[in-house]
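Here the structure is laid out as structure tokens; the discussion comes afterwards.
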Amino acid sequence: MTALSHTAELMRRDQVWPFLQPPAASINVDKDILLYIEDLNLSFDGFKALNNLNLYINDGELRCLIGANGAGKTTLMDVITGKTQCDSGSVFFGQTINLLKYSEADIAELGIGRKFQKPTVFEAQSVFDNLELALKSNKRLLPTLLARLSPSEIDRIDTVLATIGLTDHRFQLAGALSHGQKQWLEIGMLLVSEPRLLLIDEPVAGMTAEETERTAELLTSLAGKHTVVVVEHDMEFVRSIARTVTVLHQGSVLAEGSMDHVQNHPDVIEVYLGEAP
Amino acid sequence: MKQALLMFGCWLALWSTPTVAETDTTSSYDDLLMALTEADLNATQPILEKIEATGHPEVLSLFQTLLDGNLHFRKADQVLLSIVDVNGTDQYTEFQSGTAIEPLGRRDVSKIRVNNNLRNFLSSAIGRLQLRSSEPDLRSAAVLSLLTTLDAATADDLAELRREESNRTVLSSIDLALAMYSARSANTVAAQITAIDTLSDRLQPEARNLLFDLERNADNPAVREAATAALKKIDGKVTFYGYVDQLFFGLSLGSVLLLAAIGLAITFGVMGVINMAHGEMLMLGAYTTYVVQLLMPGFINYSLWVAIPAAFIVAGLFGILIERCVIRFLHGRPLETLLATFGISLILQQLVRTVFSPLNRRVAAPDWMSGSLEINPVLSLTYNRLTILIFALIVFVALLVIMKKTALGLYVRAVSQNRDMAKAMGIKTDRVDALTFGLGSGIAGIGGVALSQLTNVGPNLGQAYIIDSFMVVVFGGVGNLLGTLVAAFTLGIANKFLEPVTGTVLASILVLVFIILFIQKRPKGLFPQRGRAAE
Amino acid sequence: MSLLTTFMSRRNSLGSPVLPFVTILMTLTVLAAIGNLWIPADSALHVSTYTITLLGKYLSFAMLALAVDIVWGYCGILSLGHGAFFALGGYAMGMYLMRQIGSRGVYGDPILPDFMVFLDWDVLPWYWLGMDQFWFAMLMVLLVPGLLAFVFGWLAFHSRVTGVYLSIITQALTYALMLAFFRNEMGFGGNNGLTDFKDLLGFSLQADTTRVALLLCTAGLLAAIFMFSHWVLKSRFGKVIEAIRDGEPRVRFLGYRTDRYKVALFVYSAMIAGIAGALYVPQVGIINPGEFAPLNSIEIVVWVAVGGRGTLYGAVIGALLVNYAKTRFTALMPDGWLFMLGALFVLVTLFLPKGLAGVYGQLITSWKRGRNRDEPPQRNQEATS
């Protein structure tokens, strides 16, 4: 009897099987907030990586996350992008989409792009191919198999190549790029996929001063059209781009506000200076 | 005193069987022997009965010889001969005088033949005679041999003996025999039922057969019912001991898997090196045992003690050689390591095939490992499996101590967690790698010694275990020695419990499928290491 | 638009191996066919039927190597169980051939194959039904390995089993199948497998013409599969596959469901292996559970490693070379082959990680570099990881 009712439940005609459902499409940002992170907890063998973390990211803003090593910055990004499961709490993309229910690929398709701390590009493939892979397109099997680059897509890749200054390296293998160029390529891969939200982990590590400056320009220009969250240790760089800064400490938010506000915040001073040798 | 009582017992036995008593006076032992050579098959039993009744000291050996089919007589003078086959040639001895004589022609002697009826009679007669042996084991065996043929006289005899008996085993045997006797032929139904109740605690197949018989053929329904109840109880016990037996076999298989897998738990689990030639390390250990036995043919009992360190050294050295020559160049490239070590395993197998021939070799078991520990009639544990079980646990504990308590263990764990940091701290990572690999391989070699006691040694010995070993390590959780222990025994027991239901092949297939599915669910094994370091 | 044309021309100017490969393959097989059928036996140019059969066998092995290369070379899935898909395809073909024997078997049963009569079976097991139809059997050649690969791949890739673990599970898979097929009760002829085939589609398997036709068929299919695989792997799908090999998590963060890609590729590869098996069986005349042996599967990997993985032609060349060496070597000194094979494993992984194709690629690159020094090395360059 139960088997029958199960089957009936499975065969209900008014709904679609979960695996056939397209990922929920529209992102509701009526309240001008794109990302809601509430009461997030995660521990590794007793070590609390995230501790009742609450964070709201406004739509279209450029937010910097700073904090000492182990403050939970990268772990937070892992949870948002579905790489790591959290123990409790909620992450909503817009007002309706519960990110915790989605896989990495789904989350990427929802429009959350990520740049890793260590640049991860496909070294055995050319710069152009790397960007082609990242293009915003139908990423199911058959469409990918039959995909041909349309002129507009090639234009798009070309524009991004110009933006990241790799036009001359178009057909070079990504593995042959310098460290800074790989960083740029990865940012380019983010750009070409036109995400709603960009999570960028230490973008200027290993870059020259000039490259850093250009990165700062690029990120500032992105804000508005996209929402950008940057994790960075380089305070100079943060100061040059930041409008709002969030300080994480031991897995929760310590302070939030403009750079000046944060720098004069007593808790921050205590944590940073009090612990300094 | 005892002698006198025995005499009394004999006397009693003689008087209580009137037919024997009647003829006793008329024929002497020698005459009877003569008659035996002349009698045909049908007439033999009465003569044998008379011979038994004489109580002559030779009767036991006479009956034994006859039962074994070795009793002949010389046609010329009707003298009894025992002809024993020793290494293919017959040895002739005059039975009564015991003097050896020249072989005679086939026509000059004639065999005293026995048929099944006579054999039955002989064995119970031998049982009756041995009841008074001075060896408790023989007495007990004698009682057990009489179980189905017990007659009233012998039963009384037994009851008599019981009073004098102090040995527990013999007492229990006598009780069984008496209970069976009364269950079969007690006068009152109540006595029968009491006896049947006693039998319900016994596991001997004879008792079961008797109960089956009673259940079907007894006249009294109460007896039939009692028999059914007793059988049910016995069946329950037999099933239980059957499970215990399976459990033991499962533990035994588990111990073999453990021995095969713990070396791998070190090389693969801790070092992260995938060594497909691991099975060949087992094989090398087994062949080392074989060679050691060849080298010391007179000391099979001690050869194992030599073989264990020898196998450790041989397999360990091969392991170090492999690590130094191949594996270290493939660091961080697991798939390549897998292929290269597979090549090595092929080479080692072929090497052994060339040196020792492709045929399987038998490794002799020392005396102290043969035989079995009999717990009750339906459950006996063979000593070799028991020894290997204990041995595996000892090896496991030793390895655990090495890994947790010694400097090498500390280095190994340090290197496996963070090679560069360990190097920076001044640990000679190269040496640690080689030593660890040698340790893992050497332990596999020891496992090979144990394996050689269970199966024949052949070039393919290792191959059969390599997949199983990997399954054990993966199932238990990579890098977790305790997990390996649990996994080995779990898989061993699961395999043996499945076997009676599904057959051997299907059981191993099912276990494989189960593990494949399990890895799907928990890719990090039963006891995963969690946290950031495990990413 | 100019960019598009440069891009497309760049794509084609890279010396695509397809045309030379197909030309050489087809020319050689056609020449061999002519040499066997039309050149008289006493001529020096005559090709014996034995050679034809051997060639056919090699080419089906080459197809199998291609299948392994597709998953290993391009996607980093080291399958140690492709022999299982090969054998399953072979069994499907073998079942068809068994049914074709009809009443010409030793026991003369019109329906049941000899081994079933021998085992006192009186009905055909359900899974033998329909196998007397060629089209159905060929469908099974594709579907059975494909289905197994799908179920297995879905389970494995969905739960992200990768690397060595995956390799060992695939080996366990083929090992389990070997145990299963050794059982008489499975209904596949147990230990002896399926053999004593008479004819295929009405043509006697002993006839020279049939042998030649089978060889041509194998070569044709190999060429077709080569071309199709080349197309697949050069498409964006192929780029995703290569990206998965080099950084699967990253591909996931780009929005591709990598498990589905891997399953699809695995199924495709398994089907090719099945076809190879189906072509192999009528040419060698037997299929038995030995084909499931883990050693067989791992030998395939060596062919690919020797030839050079990640280049389809490398796998084919590797398969041909190693098998030719095997044939010659086992004839000379039967015991030595396993030493050779083992040494090949070790030496190739230590000294030739890119195989012969890698050596060839390096030669080409340095030659080109020598010719025009100012042009930076491009696609032919080795991957750095």
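Only this structure's heavy atoms are used, side chains among them; waters, hydrogens and symmetry mates stay out. Letters go in sequence order (proteins before strands), and every chain restarts at 1.
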**Study point:** Gap separating the OH atom of Tyr261(C) from the OG1 atom of Thr144(A), nearest 0.5 angstrom
**Key:** 2.5 Å

Revision key, fill the gap. Nearest heavy-atom contact between Lys239(C) and Gln125(A) is O-NE2, 3.0 Å

Point to revise | Glu104(A) with Arg257(C): basic N within carboxylate O range, under 4.0 Å | key: no

**Study point:** For Asp259(C), side chain to side chain donor-acceptor pair (under 3.5 Å) partners two or more places apart
**Key:** His158(C)

Check your understanding: Which atom pair, heavy atoms only, marks the closest approach of Ala108(A) to Leu254(C)?
Key -> CB-C, 3.8 Å

Review point. Okay, side chain of Tyr256(C), backbone of Leu133(A): is any donor-acceptor separation there less than 3.5 Å?
Key: yes

Practice item. Check each atom of Ser137(A) against the heavy atoms of chain C and say whether the ones under 4.5 Å are side chain, backbone, both or neither. Key: side chain

Review point. With only heavy atoms counted, which part of Ser193(A) is less than 4.5 Å from chain C, the side chain, the backbone, both or neither?
Key: neither

Study note, to complete from the structure: salt bridge (Lys or Arg N to Asp or Glu O under 4.0 Å) pairs touching residues 174-184 of chain A, sequence neighbours excluded, are Glu123(A)-Lys182(A)

**Study point:** Nearest atoms (heavy-atom pairs only) where Gly247(C) meets Phe122(A)
**Key:** O-CE2, 3.6 Å

Check your understanding: Take atom CZ in Phe92(A); do more than 12 heavy atoms of anything else shown fall under 6.0 Å from it?
Key -> yes

**Study point:** Leu190(A) versus chain C, the contacting section by heavy-atom distance below 4.5 Å
**Key:** neither

Exercise for review: Report yes or no: does Arg250(C) contribute a side-chain atom to a donor-acceptor pair with the main-chain N or O of Thr120(A) at less than 3.5 Å?
Suggested key: yes

